[in-house]
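Below is one structure, written out as structure tokens, with a few remarks after it.
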Amino acid sequence: MVAAADAQSYIQKLGITQDMAVQELGWDEDTDEDLRSAVEEVIGGEMVDEDSDEVIDVVLLWWRDGDGDLVDALMDAIVPLNDEGFVWVLTPKTGQPGHVEPSEIAESAPTAGLTQTSAANLGSWSGSRLVQPKARPAKR
């Protein structure tokens, strides 16, 4: 768990701002509740659940070793994303139960059609920001 002040700085690192539609996937009992609360405070409401058909700005994907196939999870995560949207894969830090090697994310992202752009230290969790590549204009 992180202190509330730390959670607010993590929200800035995540690039989450007021009125964004944020979807949360992979919630479990080990999920950082202070971070979740800070997200909901900033966006001014609850995060969108995984059954919604709303267009999403940001997906927070809590992911642990043993959760299954990350490529499949990423492909599901990008379905509701708007063109400028992004995915944060949140994984337990090294030494924590469920830790995921960064190479797994780096290898899974391109297969799912995503590019890793940055990483963030979020207390006992690490975040990897993934975006959909911009469409290149057609050559004439």
Side-chain angles (χ1 to χ4, degrees):
M1 294 299 152
V2 297
D6 289 339
Q8 285 299 329
S9 78
Y10 297 158
I11 300 308
Q12 291 174 336
K13 286 182 184 181
L14 295 174
I16 295 173
T17 58
Q18 186 176 4
D19 298 327
M20 279 186 155
V22 179
Q23 184 176 50
E24 178 181 45
L25 304 173
W27 180 91
D28 205 342
E29 293 172 4
D30 62 346
T31 301
D32 189 318
E33 289 302 319
D34 289 333
L35 182 59
R36 295 182 73 248
S37 295
V39 168
E40 291 182 337
E41 184 178 319
V42 168
I43 64 175
E46 293 185 2
M47 287 187 269
V48 177
D49 69 22
E50 49 191 279
D51 298 327
S52 173
D53 58 1
E54 194 173 330
V55 176
I56 304 299
D57 299 306
V58 181
V59 173
L60 297 181
L61 174 61
W62 301 94
W63 193 259
R64 302 147 200 88
D65 185 44
D67 277 355
D69 186 343
L70 182 54
V71 173
D72 287 346
L74 291 172
M75 296 197 57
D76 290 343
I78 62 175
V79 170
L81 269 186
N82 70 32
D83 292 341
E84 301 299 316
F86 50 93
V87 176
W88 277 99
V89 179
L90 305 173
T91 60
K93 281 229 172 122
T94 304
Q96 300 288 326
H99 169 69
V100 175
E101 290 297 327
S103 60
E104 181 178 343
I105 298 167
E107 292 167 8
S108 298
T111 306
L114 297 165
T115 303
Q116 185 170 349
T117 60
S118 61
N121 174 350
L122 305 167
S124 59
W125 291 80
S126 296
S128 298
R129 185 177 189 265
L130 309 177
V131 300
Q132 300 172 88
K134 302 281 183 248
R136 294 188 178 94
K139 292 183 178 180
R140 293 181 182 197

Straight-line distance of Trp63 CH2 to Ser108 OG, nearest 0.5 Å
8.5 Å

Closest heavy-atom pair, Pro133 versus Gly113, reported as atoms and distance to 0.1 Å, is CD-O, 3.1 Å

Taking every heavy atom of Leu74 against every heavy atom of Ala112, the minimum-distance pair comes out as CB-CB, 3.7 Å

Any chance you could measure Asp49, atom CG, to Glu24, atom CD, to the nearest 0.5 Å?
10.0 Å

Flag, side chain of Asp69 to backbone of Val71, donor-acceptor distance under 3.5 Å
yes

Residues, nucleotides or ligands: over 12 heavy atoms within 6.0 Å of Glu40 CD:
yes

Residue that, paired with Trp62, satisfies side-chain contact (heavy atoms from CB on, under 4.5 Å) out of Thr91, Val89, Asp67, Leu35
Leu35

Spell out, yes or no, whether Leu130 and Trp125 are grouped together once hydrophobic residues are joined by side-chain heavy atoms under 4.5 Å, including indirect joins.
no

Is there a donor-acceptor contact under 3.5 Å from the side chain of Tyr10 to the main chain of Gly123?
yes

All salt bridge (charged side-chain N to carboxylate O under 4.0 Å, His left out) counterparts of Glu54, not counting sequence neighbours
none

I'd like to know if the side chain of Asn82 reaches the main chain of Gly85, judged simply by a donor and an acceptor atom lying under 3.5 Å from each other, with no hydrogens or angles considered.
yes

Please report the C-alpha distance between Asp57 and Asp19 in whole Å, then the side-chain angles of each, then the deciding distance to 0.1 Å, and finally whether the side-chain contact (heavy atoms from CB on, under 4.5 Å) criterion is met.
CA-CA 10 Å; Asp57 299 306; Asp19 298 327; over 6 Å; no

Closest approach of Ala38 to Ile11 (non-hydrogen atoms, all atoms of both residues):
CB-CG1, 3.7 Å

When clusters are formed by joining ILVMFWY residues with side-chain heavy atoms under 4.5 Å apart, either directly or through shared neighbours, do Phe86 and Leu81 land in the same one?
no

Taking all atoms of both residues into account, what is the closest heavy-atom pair of Ala77 and Leu25, and its distance?
CB-CD1, 3.9 Å

How about Arg64 and Asp30: do any of their side-chain heavy atoms sit closer than 4.5 Å?
yes

In terms of side-chain heavy atoms, does Asn121 have a donor or acceptor partner in Lys13 at a distance below 3.5 Å?
no

Backbone of Val42 reached by a side-chain donor or acceptor of Gln18 within 3.5 Å:
no

So how far is it from Ser118 OG to Trp88 CH2, rounded to the nearest 0.5 Å?
4.0 Å

Is Val58 reachable from Val39 through a run of hydrophobic residues whose side-chain heavy atoms are each under 4.5 Å from the next?
yes

Supply the atom-to-atom distance Glu101 CD to Thr94 OG1, rounded to the nearest 0.5 angstrom.
6.5 Å

Please check if Val22 and Leu90 belong to a single hydrophobic cluster, counting links between Ile, Leu, Val, Met, Phe, Trp and Tyr side chain heavy atoms closer than 4.5 Å.
yes

So, for Ser128 and Ile105, which heavy atoms are closest and what is the spacing to 0.1 Å?
OG-CD1, 3.7 Å

Could you give the distance from CG (Leu70) to OG1 (Thr111), rounded to the nearest 0.5 Å?
9.5 Å

Checking side-chain contact (heavy atoms from CB on, under 4.5 Å) between Gln23 and each of Leu60, Val59, Val55, which is the one that passes?
Val59

Search all heavy atoms of Ile16 against all heavy atoms of Met20 and return the closest pair with its distance.
CA-SD, 3.7 Å

Looking at CD of Gln116 and CD of Glu107, how far apart are the two atoms once the value is rounded to the nearest 0.5 Å?
11.5 Å

Kindly indicate whether the side chain of Leu14, heavy atoms from C-beta on, has any atom under 4.5 Å from the side chain of Leu122.
yes

